[in-house]
Amino acid sequence: MLRQRWEDLTFLHWAVDPALVAPLLPVGTRPDTLHGVSYVGLIGFRMVGLGLGRGPGVPYFGTFWETNVRLYSVGDDGRRAVVFRSLDASRLVPVLVARATLRLPYLWSSMRLARDGDRRTYRCRRRWPGPAGATSRMVVRVGERIVEPTPLDHFLTARWGLHTRAYGRTLHLPNWHPSWPLHRCELLHLDDELVAAAGLPAPVGPPVSVLYSPGVGVRFGPPVAARPRAAGPPRAQ
């Protein structure tokens, strides 16, 4: 249905109590966990060549910066995915389309990325809708390539779908992409208001995971309604 490329991604993650984020997830999903812990992510990147089907990317509007705040979900049908609490993007038209079609929480923001050798500086300031003026600035130093990802690396990045609530139903939107080429990363500076603006506690302390990827190509399939968990036979009392 859609294709695009994600480039220059930095992933910051903090551990979070699953009970805290469970009320924020769509009906029919629950927090996905690793060893009893779930996570909140702050991810900055560049969207490149967004286009429909096999056609070319949309000129100008199909390439923009994005910063998202996300949680991790698993549906009653077993599908693992992400749930976006906010998606700040630097092009207004994609924001309007995504909000109108899939009811995704896209927001229009001013954004830029500065590269200086192995350093990446991501800046974001929200324009519309509110809270207008919410900002984020993160500076990282990209390290060496990860040859063998840890279970946590895999849990946080091996996500081939998203859950969203639209038109009275919980939808699963699948995507396909190669395994991420990941690098260790050092967080040099973080000043963020987006996580708190997304209805989550502001991060306390350093993130438990800081990763970088130069990017991958991505394809999205059409959304499908999440299937409810089948009722089992009555249990003996």
Side-chain angles (χ1 to χ4, degrees), residues 5-26 29-46 66-87 118-120 122 136-164 172-192 194-196 198-218:
R5 183 171 177 83
W6 299 334
E7 296 182 352
D8 267 318
L9 299 99
T10 289
F11 304 82
L12 306 184
H13 283 93
W14 292 265
V16 66
D17 183 348
L20 181 67
V21 299
L24 304 177
L25 302 183
T29 70
R30 61 190 184 277
D32 199 4
T33 61
L34 180 67
H35 306 310
V37 177
S38 199
Y39 294 86
V40 54
L42 176 67
I43 295 92
F45 67 101
R46 188 180 186 224
E66 186 171 316
T67 303
N68 63 60
V69 176
R70 72 189 196 185
L71 303 173
Y72 294 88
S73 58
V74 58
D76 288 344
D77 54 12
R79 290 185 173 124
R80 299 169 63 238
V82 301
V83 171
F84 292 108
R85 292 295 297 167
S86 64
L87 301 107
D118 59 0
R119 291 168 63 106
R120 303 288 186 274
Y122 301 78
S136 181
R137 179 175 179 265
M138 53 183 173
V139 184
V140 299
R141 177 179 290 119
V142 180
E144 60 186 31
R145 175 79 180 266
I146 298 173
V147 178
E148 294 185 10
T150 68
L152 180 58
D153 297 336
H154 184 76
F155 178 88
L156 296 174
T157 62
R159 296 279 157 173
W160 286 280
L162 67 88
H163 285 123
T164 187
H172 180 266
L173 183 62
N175 65 56
W176 297 267
H177 60 76
S179 297
W180 292 100
L182 294 173
H183 291 249
R184 292 289 166 219
C185 206
E186 178 186 3
L187 179 62
L188 303 178
H189 175 81
L190 177 65
D191 183 5
D192 177 75
L194 301 184
V195 172
L200 295 157
V204 176
V208 298
S209 173
V210 184
L211 299 171
Y212 171 84
S213 178
V216 294
V218 187

**Prompt:** What are the two closest non-hydrogen atoms of V147 and P149, and how far apart are they?
**Reply:** O-CD, 3.6 Å

**Message:** Please report whether the ring centroid of F155 lies less than 6.0 Å from that of H13.
**Reply:** no

**Item:** Point-to-point distance, once rounded to the nearest 0.5 Å, from CG of L162 to NE2 of H172
**Value:** 7.0 Å

**Asked** Between the side chain of R159 and the main-chain N/O of V82, is any donor-acceptor distance below 3.5 Å?
**Response** no

**Request:** Just do the side chain to side chain contact (heavy atoms under 4.5 Å, CB included) check on V218 and V216 with the steps written out, would you?
**Result:** CA-CA 6 Å; V218 187; V216 294; 4.0 Å; yes

**Request:** Indicate yes or no for a side-chain donor-acceptor contact from S213 to the backbone of P181 under 3.5 Å, with no hydrogens or angles considered.
**Result:** yes

**Complete:** Shortest non-hydrogen pair, V69 vs V40, comes out as CG1-CG2, 4.1 Å

**Asked** From S73 OG over to L24 CG, what is the distance, rounded to the nearest 0.5 angstrom?
**Response** 12.0 Å

**Complete:** On a heavy-atom basis, the closest approach of P178 and G217 is CD-O, 3.5 Å

**Asked** How long is the gap from NE2 on H183 to CG on L211, to the nearest 0.5 Å?
**Response** 10.5 Å

**Message:** Donor-acceptor check, side chain of W160 to backbone of H177, threshold 3.5 angstrom: yes or no?
**Reply:** yes

**Request:** Could you walk me through whether Y122 and T10 pass the side-chain hydrogen bond (donor to acceptor under 3.5 Å, both in side chains) test, one step at a time?
**Result:** CA-CA 9 Å; Y122 301 78; T10 289; 2.9 Å; yes

**Message:** Is it the case that the side chains of H163 and T29 hold a donor-acceptor pair, with the cut-off being a distance below 3.5 Å and no angle test?
**Reply:** no

**Test item: W14 side-chain N/O and G205 main-chain N/O as donor-acceptor pair under 3.5 Å** = yes

**Request:** Determine the minimum heavy-atom distance between V195 and D192, stating which atoms define it.
**Result:** N-OD2, 3.0 Å

**Message:** Main chain of T157, side chain of W180: is a donor-acceptor contact present, judged purely on distance under 3.5 Å?
**Reply:** yes

**Message:** Quick check: do L25 and P31 have side-chain heavy atoms less than 4.5 Å from each other?
**Reply:** yes

**Item:** Distance (rounded to the nearest 0.5 Å) between N68 CG and E66 CD
**Value:** 5.5 Å

**Request:** Decide yes or no for E186 and V210: does some side-chain heavy atom of the first lie under 4.5 Å from some side-chain heavy atom of the second?
**Result:** no

**Fill in**
When every non-hydrogen atom of D8 is compared with those of R120, the smallest separation belongs to OD1-NE, 3.3 Å

**Asked** Where do V16 and L200 land on the side chain to side chain contact (heavy atoms under 4.5 Å, CB included) test, with the steps shown first?
**Response** CA-CA 10 Å; V16 66; L200 295 157; 5.5 Å; no

**Prompt:** Between S38 (side chain) and D32 (backbone), is there a donor-acceptor pair under 3.5 Å?
**Reply:** yes

**Prompt:** Quick one: CG on L42 to OG1 on T67, what's the gap to the nearest 0.5 Å?
**Reply:** 7.0 Å

**Message:** Using 0.5 Å steps for rounding, measure from the CG atom of L156 to the CZ atom of F11.
**Reply:** 9.0 Å

**Item:** Residue pair Y39, L152: steps toward the side chain to side chain contact (heavy atoms under 4.5 Å, CB included) verdict
**Value:** CA-CA 10 Å; Y39 294 86; L152 180 58; 3.6 Å; yes

**Request:** Could you give me the CA-CA distance, side-chain angles and deciding distance for V83 and R70, then say whether side chain to side chain contact (heavy atoms under 4.5 Å, CB included) is met?
**Result:** CA-CA 6 Å; V83 171; R70 72 189 196 185; over 6 Å; no

**Asked** So which heavy atom on R119 is nearest to which on V139, and how close?
**Response** NH2-CG1, 3.7 Å

